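Quick notes on the structure that follows.
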There are 2 protein chains.
Amino acid sequence: MKMAELIQNKKIGKAHTKAELQYLVEGIVNNSIPDYQLSAWLMAVYFQNMNLEETAYITKLMTYSGDVLDFSDVGPIIGDKHSTGGVGDKTTLVFVPLMAACGIPMAKLSGRGLGFSGGTIDKLEAIPNFNATLSSSQFQEQVKKIKMAISAQSQSLAPADGKLYALRDVTQTVDSMPLIAASVLSKKFASGTNLIILDVKCGVGAFMEEPHKAIQLAKLMVEIGNRLNKHVLTVVTDMNQPLGFAVGNAIEVKEAIDTLQGKGPADLIELTLSLGSLALVKAKLAANTSQAKTMLENCLNNGKALDYFAKLIEYQGGNPKVIENPKLMPQAKIIKTLKVPDNLAQNIWIEDVNGKLIAIAAKALGAGREKKGDKINLAVGIEVLVKIGQKVSKNEPFAIIYADSDTAFAIAQDYVFQAVKFSCEIIKSPPLIIDSYE
Amino acid sequence: MKMAELIQNKKIGKAHTKAELQYLVEGIVNNSIPDYQLSAWLMAVYFQNMNLEETAYITKLMTYSGDVLDFSDVGPIIGDKHSTGGVGDKTTLVFVPLMAACGIPMAKLSGRGLGFSGGTIDKLEAIPNFNATLSSSQFQEQVKKIKMAISAQSQSLAPADGKLYALRDVTQTVDSMPLIAASVLSKKFASGTNLIILDVKCGVGAFMEEPHKAIQLAKLMVEIGNRLNKHVLTVVTDMNQPLGFAVGNAIEVKEAIDTLQGKGPADLIELTLSLGSLALVKAKLAANTSQAKTMLENCLNNGKALDYFAKLIEYQGGNPKVIENPKLMPQAKIIKTLKVPDNLAQNIWIEDVNGKLIAIAAKALGAGREKKGDKINLAVGIEVLVKIGQKVSKNEPFAIIYADSDTAFAIAQDYVFQAVKFSCEIIKSPPLIIDSYE
């Protein structure tokens with residue numbers, strides 16, 4: 001078999017055979033296929049797609065292209081949660097301890113932020129001494145002991161995906177449905193999890209803007225899960241405005257701590273309860289959604305979820321005292337509140353909070369990175385205190401900027417005023433959760 | 001500017017700006033764009049195409065990406081002829097001396113054979129001591145002196161095309177209309193010619209099977225010529241059956257010599273006269289096609305064209321005595337004639353002579369190469385003595401195989417019997433020349 005044949009077959013729209021996909025993934029792993037052929041193939045896939053059978057099979061091959069973690073001694077169900085990336089998305093920080101507290105062990109490998117999307121690992125590193133880079137054996141050991149762990153991706157898992165992703169990143173072939181699905185799921189499956197809750201974001205603050213594409217991706221990933229005997233649950237959610245209030249790192253951890261005490265922003269709580277109840281029902285720990293929601297709310301209100309978070313921090317070397325004293329995390333030098341302009345009418349509604357512009361503002365402050373390896377500032381960020389459709393008054397605070405320099409503050413403030421639009425007419429609140437699939 | 005942007009723009013179907021194309025071609029020449037990005041771009045071009053403006057501009061940029069030969073001291077018109085490649089296509093060997101004899105200086109850079117397509121340079125090397133690799137200055141000097149030269153491509157002309165073509169070859173992006181046109185024409189323009197006759201082949205023995213695609217390419221190349229102030233004339237011709245009788249190297253040279261004496265196969269003479277009369281009229285050396293044809297026929301019949309071929313051979317170090325004694329060229333050990341089977345009806349017509357199968361037969365004998373750098377056997381080949389639509393009789397010779405081993409003979413014979421199909425019903429002769437454009 002030759003790579004040229006594979007490229008040709010995909011170019012003319014043929015489905016790959018299993019043997020072809022095997023040749024491909026082996027060639028990626030042992031470096032026998034040159035990058036220039038892989039990238040031509042990737043572009044052909046972008047245009048000609050892969051069908052469900054091909055996508056499921058390449059996902060499987062990529063899963064087994066390196067080490068596969070084994071949690072069989074922990075229990076039959078190992079949970080995982082993934083978001084396709086958004087602005088202010090700190091759900092994982094709440095979700096992992098909450099699920100563990102409710103009886104689902106969570107083995108969560110996460111990424112760092114890139115572009116306008118934040119990363120769980122960066123956020124956790126705002127906690128003093130938190131070790132977010134566990135070895136595979138440390139990771140497995142911890143899940144066994146305390147039923148949860150959050151760590152950065154390991155290079156030894158799904159190496160075929162690692163190499164392919166790096167190439168997609170520089171050849172404009174990231175936005176291919178089958179390639180996204182195979183990439184996300186192979187990493188999850190290789191990490192030994194089998195109950196995977198995927199939050200597919202859509203809107204201006206998400207990688208995938210159009211809802212119909214997010215829905216297509218969500219359904220595709222569920223079907224791949226079915227074919228490979230894994231529980232894959234997907235929820236398509238709105239990411240036009242940021243999730244919760246905080247967009248940054250330390251300030252997002254603080255918001256997660258609030259939420260774990262039942263005091264978080266309404267949208268973040270809504271999302272957490274929705275994802276959690278789907279998982280609990282699927283894991284047969286709750287008979288139905290409403291029973292599941294009660295379980296989850298109890299865990300948040302009685303302090304059990306927060307205790308689990310404290311335990312997670314402690315086990316990973318961090319200082320759990322941040323829970324009582326968030327100021328132990330990096331603090332910004334300048335903290336300024338923005339107020340609703342007083343030259344507006346009496347009745348004001350929030351017409352828009354553009355998530356992408358808020359992300360750009362946060363990046364301007366130093367909270368995000370332009371390219372891999374860039375250092376980020378964990379202290380800075382923005383809290384947008386209002387949501388689309390909310391009624392506000394003149395002079396009411398609507399955002400807080402956490403900056404480390406006056407220049408950065410000024411730039412961020414400009415973006416925030418571009419992002420938040422006020423209206424004199426009633427604006428409807430958009431739904432957060434668009435649909436879910438399993 | 002970044003290559004990723006160019007890939008993205010082409011991926012979504014945008015036309016490139018001149019600045020983008022300039023960035024691209026410069027990046028190819030100075031190696032600043034990695035191959036994996038170029039190949040992703042090539043595949044995006046395959047799917048999204050380039051418009052006439054883009055194609056003409058990239059052709060111009062590729063033309064000037066290296067040295068450009070200057071024949072201004074030879075005359076205002078410098079002719080060139082190119083075929084997109086076929087089976088048994090020895091037209092250049094006849095055409096170059098014939099045109100020079102009629103007053104159009106010919107500066108012809110040629111390729112070697114690859115796949116099922118033969119190469120003029122290989123054929124010429126069947127002539128003892130013929131030097132087909134002239135330096136640029138030797139090439140220019142010879143055109144000045146004797147009004148013609150045929151040499152292998154120089155690496156210093158259109159280097160952007162050289163690099164891009166090598167990449168297209170291994171990424172299945174050869175068959176893109178704008179990329180073919182830009183590649184062919186940039187090489188021609190860089191070689192300093194301005195009256196270019198292009199023979200675009202179509203059919204099973206051609207690179208481009210479908211006539212409508214060949215026509216599209218032919219028209220595109222004419223339009224690029226118009227935009228860049230060059231005379232580009234194109235003829236679309238049938239390449240379902242081989243051109244002429246001989247398919248090989250030495251045996252094709254012999255057939256070319258016959259044709260230069262007016263004794264060649266009818267189809268080869270027809271093509272030569274058609275291409276030649278277009279050129280003579282365009283160069284204003286003849287008032288119209290019929291006057292041009294008379295000029296050409298005279299040159300073939302009075303020995304002038306053959307004298308020019310002798311001069312070409314002599315100037316390039318070869319032995320012109322091959323003209324009287326073709327046996328000075330490599331001779332095959334086994335020469336066997338195939339006859340029309342005698343178990344057929346009385347009246348037999350030739351239904352098919354499959355050019356591709358004949359080419360495969362010739363390659364099996366050793367006359368062609370599988371990949372660049374392969375050695376070829378100049379002595380071997382096949383003469384198919386019949387044409388589609390021709391009436392033949394039982395036991396009449398229809399092919400001669402020139403082989404160097406019994407095994408190779410047996411394999412070739414098998415292919416020839418697959419290629420040539422006999423019918424008991426009248427079969428119409430297909431037209432050779434489909435259309436011409438200027």
Side-chain angles (χ1 to χ4, degrees), chain A residues 1-14 16 20 23-24 27-28 31-50 114-115 160 162-180 207-210 213 370-372, chain B residues 1-14 16 20 23-24 27-28 31-50 114-115 160 162-180 207-210 213 370-372:
Chain A
M1 202 179 295
K2 282 177 186 168
M3 188 57 196
E5 277 172 53
L6 262 85
I7 300 172
Q8 180 65 15
N9 287 344
K10 190 41 73 186
K11 195 182 89 174
I12 62 173
K14 262 195 188 172
H16 285 311
E20 286 179 331
Y23 169 85
L24 179 83
I28 295 170
N31 288 312
S32 61
I33 301 172
D35 285 353
Y36 54 79
Q37 286 191 316
L38 278 176
S39 62
W41 177 81
L42 286 168
M43 190 57 87
V45 170
Y46 171 83
F47 281 101
Q48 296 286 21
N49 236 315
M50 288 202 278
L114 191 62
K163 197 168 161 205
L164 214 51
Y165 191 87
L167 205 53
R168 286 166 61 205
D169 197 34
V170 290
T171 57
Q172 304 290 316
T173 49
V174 168
D175 58 340
S176 154
M177 221 53 94
L179 294 176
I180 295 170
F207 167 66
M208 203 162 258
E209 292 209 7
E210 298 159 80
K213 286 197 177 167
E370 188 66 52
K371 58 178 201 296
K372 270 179 210 166
Chain B
M1 203 178 295
K2 283 179 186 166
M3 188 58 196
E5 275 172 53
L6 262 83
I7 301 172
Q8 179 66 15
N9 287 344
K10 191 41 75 185
K11 195 182 91 176
I12 62 172
K14 262 195 188 172
H16 285 311
E20 285 180 333
Y23 169 85
L24 179 83
I28 294 170
N31 288 311
S32 62
I33 301 171
D35 284 353
Y36 54 81
Q37 287 191 316
L38 279 177
S39 61
W41 177 80
L42 286 168
M43 190 57 86
V45 170
Y46 172 83
F47 282 101
Q48 296 285 21
N49 235 313
M50 289 202 279
L114 191 62
K163 194 166 166 208
L164 213 51
Y165 191 87
L167 204 53
R168 285 166 61 204
D169 197 34
V170 291
T171 57
Q172 304 291 313
T173 48
V174 168
D175 57 340
S176 154
M177 220 55 95
L179 295 176
I180 296 171
F207 167 68
M208 204 162 257
E209 293 209 5
E210 297 159 80
K213 286 196 178 170
E370 188 65 53
K371 57 177 201 300
K372 271 179 210 166

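Lettering follows sequence order; numbering is per chain, from 1. Computed from a prediction, not measured in an experiment: that's the story for all the values here.
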One should read off an interatomic distance between Leu6(A) CG and His16(A) NE2, to the nearest 0.5 angstrom, of 5.0 Å
Across all chains, not counting sequence neighbours, the side chain to side chain contact (heavy atoms under 4.5 Å, CB included) partners of Ala160(A) are Val25(A), Ile28(A), Val29(A), Met62(A), Ser65(A)
Ordered numerically, the heavy-atom neighbours of chain B under 4.5 Å found in residues 34-42 of chain A are Asp35(A), Tyr36(A), Gln37(A), Ser39(A), Ala40(A)
Audit row: Lys2(A), Gln8(A), side-chain contact (heavy atoms from CB on, under 4.5 Å) steps and yes/no
CA-CA 10 Å; Lys2(A) 282 177 186 168; Gln8(A) 180 65 15; over 6 Å; no
Applying side chain to side chain contact (heavy atoms under 4.5 Å, CB included) to Asp175(A) and not counting sequence neighbours gives Tyr46(A), Phe207(A), Lys11(B)
dist Lys10(A):NZ -> Met43(A):CE (nearest 0.5 Å) comes out at 15.0 Å
By salt bridge (charged side-chain N to carboxylate O under 4.0 Å, His left out), Glu210(B) pairs with (sequence neighbours left out) Lys213(B)
